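One structure is given here, and the rest of the page talks about it.
Below, chain A is the first sequence line, B the second, and so on; all start at residue 1. Keep in mind it's a predicted model, so treat the numbers as computed, not measured. The analysis underlying the following values was restricted to heavy atoms, covering all of them including side chains, and did not include hydrogens, waters or symmetry mates.
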Amino acid sequence: MEAFHLLSRGGAQFDKKRFKKDVKLFNISTSIDKGKGVTRPDDGELPTELDFFKYAQGGPTKRKGIREPEQKAKKAKVSSEEEVSGTSTDAKPSTSMPRQRVTAKGNNVPAPLESFQDLITRYNVPPRLLDNLEHSGYLEPTGIQVHGVPILLEGRDLAAISPTGTGKTLAYLLPIFASLGAPASSSNDDTSRGVRALVLAPTRELAHQIHNECLKLAQGRKWRIVLFSKATASTLADKNVRDKVDIIISTPLRMVAALQAGNLDLSNVRHLILDEADRMLDPEFLEQVQEVTGACCHSSVRKAVFSATLPANAEKIAMGMLDDPIRVVVGLKDTPLPLIAQSLTYVADDASKLPTLLQYLAQPYNPPVLVFVSTQPRASSLAEELVLSGVQNVDCLHAGMSMKEREDAISRMRKGESWVMVTTEVMARGMDFKGVREVINYDFPQSVQSYVHRIGRTGRAGREGKAVTYFTNEDGPFLKTIANVILQSGSTVPDWILKLPKPSKMKRRDMGKVKRADAVNNARRIGRSDAIKKREMIAASKRRKQKTREGGSNEADHASQKGELEDIDAQ
DNA sequence: AAAAAAC
């Protein structure tokens, strides 16, 4: 009984506090938005359509990964395939979201929603749920909600691909709430006993955020919605407590631990959601996820995967998990939103990054800024350097910190007390800080997926955003790939970057070898012209080629780089 | 390709 109290009390209290905070933040940022929106009314209309056609017709910068799915959809005019053009959403009066092309592929695709009111007329959804939507500021369904919600409500499996900040969470929570039925605590019916919905996410912060969203939308209902943690997991050892839980939000490993301890029964789960699906299907997570999905053994469990990115290998695994799935794609897969203004900044080498960032922060900027680095130590030390350099309200968040420190950092972020947040991949996915207008990739992202998710922390819910990515000579091999992604989503990149050799033909240099931390050179480099940057990058790419031909040693590489850099400096 | 995150 005590355990039971701990469980429900924790949830309820947190709910109210969070709810108020979120509402405040939300109101402030929307009012700012309206002002901005007026000055640029056409935003969001141009880029989406233009870009699709540019690449569908095979422009000079076409990319295989983007063209393929679109072409397939056109070639195979099978009756079971349905293409929904943007026109279905065009009819709507006014949405804060930019219009995006939607394709829904699969057997008997349910008709999209016209509005949230449709939920009452078509699916008998309790009006209270719609009230909660309205109170939370959700007035018009987004593309993924319009298409995804009916699919889930009609009990179909779904693979949903929709850009960052386009309302995926609501798209899967709404159907869960609409079809969950009576709370387990007030029911003797076996079918509504115990956990009936499970949402898996890759980080605790994201699980936490999803949980808050749940509490907001489920207000007035007596469902027990549990954010799985060490404390809550242990309370579930009591079967009486366990049977009264309706929804669990968790990271995979926590679930695995509880399953193995025998403290968890997932045999009545009817809704299973993988958020950030491609991340969850990464080799390191896959086994854990499979163990959890395996434990969801009810014959009528419906599964859905959601992400803004879904590389081919992840999609294959996902589709294998789903039963007669419908695949919905909003916008272009693996592509950032056009309303994020993206740019690349050349910084020559690692030592040049800090002065560049300090210079940036010395000018007026839009806090909070999210700064992404590649490792935990780099996050800590950069944050420290910024503080020492006199930058105000610097925060740091990575998974090496204690849970308390992590929670505090998030809370400062939510309250707007953080101006510069230095972080790792832990924050790259799913986190929704409505105020974030700028993202800086201090360290070059390690994949297109990472890039798309990182910069997707801004430009959320129809707002504009700005993303800057630093690149060094060492980042050359992946520069063109990211440049193409930028181009594809409506931003521009310097011509000379697009003329770099193909990434596939370059071999990545061994890292950590040549670190020229010459402060004088660094200071000079920051102000260099494009022409010089171009020379340096091409020289770097030549060195890489030569090195792969020779299979060269460290010293040889060092010497040749030094020589070439000195040549350039001399001019 | 590679670090991060998951407990």
Side-chain angles (χ1 to χ4, degrees), chain A residues 198-210 227-234 236 248-261 263-264 274-293 307 309 311-314 350 370-382 396-407 409-410 422-431 441-454 457 472 474-482 502-512 544 548:
Chain A
L198 173 60
V199 180
L200 292 179
T203 65
R204 292 149 159 187
E205 280 78 11
L206 183 53
H208 203 313
Q209 178 183 288
I210 296 166
L227 173 62
F228 224 46
S229 67
K230 209 176 273 176
T232 50
S234 67
L236 298 196
I248 289 180
I249 321 294
S250 179
T251 51
L253 197 52
R254 178 61 75 184
M255 296 297 284
V256 170
L259 282 171
Q260 285 170 354
N263 289 345
L264 194 58
L274 295 189
D275 205 345
E276 306 299 341
D278 52 338
R279 178 74 186 92
M280 304 296 280
L281 300 172
D282 267 0
E284 310 87 340
F285 268 128
L286 184 58
E287 213 173 306
Q288 301 165 19
V289 169
Q290 280 171 336
E291 192 164 340
V292 177
T293 55
S307 186
T309 55
N313 54 342
D350 192 57
L370 224 43
V371 180
F372 282 100
V373 297
S374 59
T375 66
Q376 294 178 7
R378 282 176 67 78
S380 306
S381 61
L382 176 58
C396 179
L397 176 52
H398 60 68
M401 291 159 50
S402 75
M403 211 49 225
K404 169 96 171 62
E405 290 170 320
R406 287 168 71 166
E407 277 165 10
I410 292 282
V422 184
T423 189
T424 62
E425 288 297 301
V426 71
M427 292 274 281
R429 285 175 176 261
M431 294 311 294
N441 285 317
Y442 188 85
D443 291 337
F444 206 74
Q446 313 270 8
S447 66
V448 169
Q449 287 75 30
S450 165
Y451 177 77
V452 170
H453 286 278
R454 279 177 175 192
R457 294 320 94 211
T472 66
E474 293 186 346
D475 299 319
F478 282 114
L479 183 58
K480 199 177 177 181
T481 310
I482 299 298
K502 275 190 181 166
S504 57
K505 286 186 183 163
M506 295 198 209
K507 276 265 155 55
R508 196 161 177 74
R509 292 179 66 238
D510 294 305
M511 302 292 276
R544 272 188 292 274
T548 45

Rounded distance in Å - CG (A/Leu281) to P (B/dA4): 21 Å
To the nearest Å, how far apart are A/Met401 CE and B/dA4 P? 15 Å
B/dA4, OP1 or OP2 - any side-chain N/O from A/Thr203 closer than 4.0 Å? no
Separation of atom CE in A/Met403 from atom P in B/dA6, rounded to whole Å: 7 Å
Return the value, rounded to whole Å, for the distance between atom CZ of A/Phe444 and atom C1' of B/dA1. 14 Å
Reckon A/Arg406 touches a base, only the sugar-phosphate, or nothing at all at heavy-atom distances under 4.0 Å? sugar-phosphate
Rounded to whole Å, how long is the line connecting atom CE of A/Met431 with atom C1' of B/dA5? 14 Å
Does the pair A/Arg454 and A/Asp443 meet the rule for a salt bridge (charged side-chain N to carboxylate O under 4.0 Å, His left out), with working shown? CA-CA 11 Å; A/Arg454 279 177 175 192; A/Asp443 291 337; over 6 Å; no
Answer yes or no: is there a donor N or O on one side and an acceptor on the other, between the side chain of A/Thr472 and the main chain of A/Glu474, under 3.5 Å? yes
Please work out if A/Ser447 contacts a base, only the sugar-phosphate, or nothing of the nucleic acid, heavy-atom cut-off 4.0 Å. base
Which nucleotide wins on minimum distance to the side chain of A/Gln446, given the candidates B/dA4, B/dA6, B/dA1? B/dA1
Taking every heavy atom of A/Thr424 against every heavy atom of A/Ala379, the minimum-distance pair comes out as CG2-CB, 4.1 Å
With heavy atoms under 4.0 Å as the rule, sort A/Arg279 into base, sugar-phosphate or nothing. base
Looking at every heavy atom in both A/Leu200 and A/Met280, which two are closest together, and how far apart are they? CB-CE, 3.6 Å
The nucleotide from B/dC7, B/dA4, B/dA3 with an atom nearest the side chain of A/Arg254 is B/dC7
Report which part of the nucleic acid A/Pro252 touches: base, sugar-phosphate, or nothing (heavy-atom distance under 4.0 Å, all strands). nothing
Give A/Ala399 one of three labels, base, sugar-phosphate or nothing, depending on what nucleic acid heavy atoms sit under 4.0 Å from its own. sugar-phosphate
Between P on B/dA4 and CG on A/Leu253, what's the gap in Å once rounded to a whole number? 18 Å
Short side-chain N/O contact from A/Arg429 to OP1 or OP2 of B/dA4, under 4.0 Å: no
Whole angstroms only, please: what is the CD-P distance between A/Glu284 and B/dA3? 11 Å
Go through the side-chain N and O atoms of A/Ser450 and A/Glu425 and say whether any donor and acceptor fall under 3.5 Å apart. yes
Shortest side-chain distance from A/Phe285, nucleotide among B/dA5, B/dA1, B/dC7: B/dA5
I need the CZ-P distance between A/Phe372 and B/dA2, as an integer number of Å. 22 Å
